[in-house]
Amino acid sequence: MMIKVIIVDDHQMVRRGLRFFLATQSDLEIVGEAANGEEAVKLVQTVKPDVVLMDIVMPVMGGIEATKQLIKANPELKILVLTSFSDQDYVIPALKAGASGYQLKDIDPEELAETIRALHAGESKVHSKVMKYVLTRISHKEDEEEAKVKRLTKREKEVLIELAKGRSNKELADVLHITEKTVKTHISNILSKLELSDRTQAALFAMRMGLTTKDG
């Protein structure tokens, strides 16, 4: 099956070089080019690519904003950032915007082709030079969630654990020997402290943090 690719870069020579190489791959089809993010957003709606090779620093609209808009409108689209910038000021915003991969322009051509195939298959690929920022980002997220758990009182943790078991307010009240009104107050406090919007999110949070496997 052919993988449809578009190339987004403000340098014509870069686009030409990428097109020249990728055209040699029997399973990759270049279906369009764009010189900036704004053009890319319009082009994607027309040619419906599978993978977008996205530069970051471009006139009119940069790659990060374009990625954000494209993923919002096309959640299944795979975007591979292909840039010269390896610092976290670009890496983290690009990944938060929805990019599935982040590679530097010094990548070996064959590796680039394999990266495109990997993204199309549902994998994420990040250049080794920027992986440290990804790991740091994951670590910070875990630290933030642990800090949120520590905001909870012992009773709120108990309510959260029982909530994750799918119990109703009445069942929670019976199990913890408190009133339903008190249960509602605890749930409201839990959602506020964990910065969540509903009990389903709270239950998922508890399971993700492993609270349901801990002793109170």
Side-chain ion pair, Lys4 and Glu29, N-O less than 4.0 Å: no
Are Ile64 and Val51 linked, directly or through intermediate hydrophobic residues, by side-chain heavy-atom contacts shorter than 4.5 Å (ILVMFWY only)? no
State yes or no: do Ile71 and Val44 share one hydrophobic cluster built from I, L, V, M, F, W and Y residues joined by side-chain heavy-atom distances below 4.5 Å, directly or via other members? yes
Distance, nearest 0.5 Å, that separates CZ of Arg15 from CG of Asp55: 10.5 Å
For a side chain to side chain contact (heavy atoms under 4.5 Å, CB included) check, start with the C-alpha distance between Leu53 and Asp9, then their side-chain angles and the critical distance, and finish with the verdict. CA-CA 8 Å; Leu53 301 187; Asp9 196 292; over 6 Å; no
Linking I/L/V/M/F/W/Y whenever any side-chain heavy atoms sit under 4.5 Å apart, do Leu43 and Val60 land together? no
Would you please test Lys170 and Glu180 for salt bridge (charged side-chain N to carboxylate O under 4.0 Å, His left out) and show each step? CA-CA 6 Å; Lys170 185 179 186 307; Glu180 284 190 57; 5.9 Å; no
Once rounded to the nearest 0.5 Å, what's the spacing between atom CG of Leu104 and atom CG of Leu82? 8.0 Å
Heavy atoms, side chains only, cut-off 4.5 Å: are Arg155 and Leu176 in contact? yes
Please give me the minimum heavy-atom distance between Ala99 and Val81, naming the atom from each residue. CB-CG2, 3.8 Å
Quick check: is Ile6 connected to Val14 through a chain of hydrophobic side chains (ILVMFWY, heavy atoms under 4.5 Å apart)? no
Please test Ser100 against Ile79 for side chain to side chain contact (heavy atoms under 4.5 Å, CB included), starting from the C-alpha separation and ending with a verdict. CA-CA 6 Å; Ser100 299; Ile79 297 181; 5.8 Å; no
Identify the residue among Leu80, Ile30, Val31 that makes a side chain to side chain contact (heavy atoms under 4.5 Å, CB included) with Val5. Ile30
For Ala202 and Leu160, the nearest pair of non-hydrogen atoms, with its separation, is O-CD1, 3.4 Å
So Lys154 and Lys157, do their side chains get closer than 4.5 Å, heavy atoms only? no
Would you mind checking if Lys78 and Asp50 are paired as a salt bridge, meaning a charged N to carboxylate O distance below 4.0 Å? no
Spatial distance of atom CD1 (Ile116) from atom CG (Leu22) [nearest 0.5 Å]: 4.5 Å
Of all heavy-atom pairs between Thr67 and Ala94, which one has the smallest distance, and what is that distance? CG2-O, 4.4 Å
Could Asp174 and Arg167 be called an ion pair, given the rule that one side-chain N must be under 4.0 Å from one carboxylate O? no
Strictly distance-based, threshold 3.5 Å: is any side-chain N or O of Asn36 a donor or acceptor partner for the main-chain N or O of Glu38? yes
Where do Gly166 and Glu171 come nearest, in terms of heavy atoms and distance? O-OE1, 4.2 Å
Can you name the closest pair of heavy atoms from Gly63 and Met58 and give their distance? N-CE, 3.6 Å
In this structure, are over 12 heavy atoms from other groups packed under 6.0 Å from Phe21 atom CZ? yes
Between the main-chain N or O of Leu119 and the side-chain N or O of Glu123, is there a donor-acceptor pair closer than 3.5 Å? no
Side chain proximity check, His120 to Met1, heavy atoms < 4.5 angstrom: yes
Once rounded to the nearest 0.5 Å, what's the spacing between atom NZ of Lys125 and atom CZ of Arg117? 12.0 Å
Does Met61 form a side chain to side chain contact (heavy atoms under 4.5 Å, CB included) with Val41? I'd like the steps, not just the answer. CA-CA 10 Å; Met61 181 188 292; Val41 171; 4.3 Å; yes
Taking all atoms of both residues into account, what is the closest heavy-atom pair of Ala40 and Ala34, and its distance? N-CB, 3.6 Å
State whether Lys42 and Glu39 are salt-bridged, where the test is any N-O pair (Lys NZ or Arg NE/NH1/NH2 against Asp/Glu carboxylate O) under 4.0 Å. no
Does a salt bridge link Arg151 with Glu195, judged by any charged N lying under 4.0 Å from a carboxylate O? yes
Shared hydrophobic cluster, Ile7 / Leu77 (ILVMFWY, side-chain heavy atoms < 4.5 Å): no
Within the 4.5 Å heavy-atom criterion, are Asp10 and Pro59 side-chain neighbours or not? yes
Lys184, NZ atom: more than 12 neighbouring heavy atoms under 6.0 Å: no
Are any side-chain N or O atoms of Glu156 and backbone N or O atoms of Thr153, one a donor and one an acceptor, separated by less than 3.5 Å? yes
Above 12 or not: heavy atoms from other molecules or residues under 6.0 Å from NZ of Lys193? yes
Worked check of side chain to side chain contact (heavy atoms under 4.5 Å, CB included) between Glu158 and Ile178: CA-CA 12 Å; Glu158 292 171 347; Ile178 54 180; over 6 Å; no
With side chains defined as the heavy atoms from C-beta onward, is the minimum distance between Ile56 and Tyr102 less than 4.5 Å? yes
Taking atom CG of Asn189 and atom CG of Leu152, what is their separation to the nearest 0.5 Å? 9.5 Å
Measure the CD-NE2 distance between Glu162 and His186 for me, rounded to the nearest 0.5 Å. 12.5 Å
Going by distance alone, is a donor N or O of one side chain under 3.5 Å from an acceptor N or O of the other, for Asn169 and Arg199? yes
For a 4.5 angstrom cut-off between non-hydrogen side-chain atoms, does Phe85 reach Val57? yes
We want to know whether Thr182 and Thr185 form a side-chain donor-acceptor pair, criterion being a heavy-atom distance below 3.5 angstrom. no
